[in-house]
Q: 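Got a structure for you, written out below as structure tokens; questions coming shortly.
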Amino acid sequence: QVQLVESGGGSVQAGGSLRLSCGVSGFPYSRACMGWFRQGPGKERDGVAALDGDGRTIYATSVRGRFTISKDNAGNTLYLQMNSLKPEDTAMYYCATRPPFNCPPGGYLRSQNEYSYWGQGTQVTVSS
């Protein structure tokens, strides 16, 4: 059974940093296509950052230069380093994964339906 468990969320003041982690178990691919998504209050879920099996990355314009997506060599843990946080970054953050087949360079950032498995989310709250 594939499980994704996010952690590392919390409350922080604007300008602060958080590092989210996503532990993956039961997934047989170490070079998976993976991504982070978020859903703010009253908003749709949007892509934040994604990477492909070769570690190439893409980012949403709103977080480029502030957030960094990465994963460990075994492919068991996905990370999202978030710096210079803003109140508009407040959201529930979700990680997702799918097999590496047909994963485009940088992964899927907008096509959420391409992901096979999702975590339950971790809340990030940024106060001004």
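Note that the numbering runs from 1 along the sequence shown for the chain. As the structure is a prediction and not an experimental result, all values here were calculated from the model. Atoms considered below: every heavy atom in the structure, side chains included; atoms not considered: hydrogens, waters and symmetry mates.
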Q: In Å, rounded to the nearest 0.5 Å, how long is the span from CG of L85 to OG of S11?
A: 11.5 Å
Q: If you look at every heavy atom in P99 and C33, which pair is closest and at what distance?
A: O-CB, 4.0 Å
Q: Might you work through the salt bridge (charged side-chain N to carboxylate O under 4.0 Å, His left out) test for R66 and D89, ending with a clear yes or no?
A: CA-CA 11 Å; R66 300 188 297 122; D89 294 320; 2.8 Å; yes
Q: Can you give me the closest heavy-atom contact between S17 and Q81, atom names plus distance?
A: CB-NE2, 4.0 Å
Q: Please report the interatomic distance CZ(F67) to OG1(T57), rounded to the nearest 0.5 Å.
A: 14.0 Å
Q: Is it the case that one hydrophobic cluster holds both M34 and F27, taking links as side-chain heavy atoms less than 4.5 Å apart, direct or via other members?
A: yes
Q: Just verifying a value: how many Å separate R31 CZ and L51 CG, rounded to the nearest 0.5 Å?
A: 11.0 Å
Q: Take Q13 and V126 through the test side-chain contact (heavy atoms from CB on, under 4.5 Å) and record every step on the way to the result.
A: CA-CA 5 Å; Q13 288 190 329; V126 184; over 6 Å; no
Q: Would you give the length of the straight line joining atom CG of L20 to atom OG1 of T77, rounded to the nearest 0.5 angstrom?
A: 13.0 Å
Q: If you link ILVMFWY side chains whenever their heavy atoms are less than 4.5 Å apart, which other residues fall into the same cluster as F37? By chain and number, please.
A: M92, Y94, Y108, Y115, W118
Q: Which distance, rounded to the nearest 0.5 Å, do you find between the CD of E6 and the SG of C95?
A: 4.0 Å
Q: Donor-acceptor pair, S84 side chain versus G15 backbone, under 3.5 Å?
A: no
Q: Evaluate the criterion side-chain contact (heavy atoms from CB on, under 4.5 Å) for residue pair L18 and V124; output intermediate values, then yes/no.
A: CA-CA 9 Å; L18 285 173; V124 171; 3.9 Å; yes
Q: I'd like to know if L109 and L78 are part of one continuous hydrophobic network [Ile/Leu/Val/Met/Phe/Trp/Tyr, side-chain heavy atoms within less than 4.5 Å].
A: no
Q: So how far is it from S25 OG to Q1 CD, rounded to the nearest 0.5 Å?
A: 8.0 Å
Q: Between S128 and E88, is a side-chain contact (heavy atoms from CB on, under 4.5 Å) present by the stated rule, with each step listed?
A: CA-CA 10 Å; S128 57; E88 50 263 44; over 6 Å; no
Q: So, does Q123 use its side chain to make a donor-acceptor pair with the main chain of G10 at under 3.5 Å?
A: no
Q: Do the side chains of V24 and Y117 join up, straight or via other hydrophobic residues, at under 4.5 Å, putting them in one cluster?
A: yes
Q: Distance-only, no hydrogens or angles: does the T90 side chain make a donor-acceptor pair with backbone N or O of T125 under 3.5 Å?
A: no
Q: Taking D52 for the side chain and D54 for the main chain, is one N or O donor matched with an acceptor at less than 3.5 Å?
A: yes
Q: Which pair of heavy atoms, one from I69 and one from G35, lies closest together, and at what distance?
A: CD1-CA, 4.3 Å
Q: Closest heavy-atom contact between P87 and S127?
A: CG-C, 4.5 Å
Q: Are more than 12 heavy atoms from other residues, nucleotides or ligands located less than 6.0 Å from atom CZ of R64?
A: yes
Q: For Y93, run the side chain to side chain contact (heavy atoms under 4.5 Å, CB included) check against M82, Q39, R45 and tell me which one passes.
A: M82
Q: For a quick test of reading the model, state the closest non-hydrogen atom pair linking Y79 to D72 and the distance between them.
A: CE1-N, 4.1 Å
Q: Could you tell me which non-hydrogen atom of A32 sits nearest to which non-hydrogen atom of R98, and how far apart they are?
A: CB-O, 3.4 Å
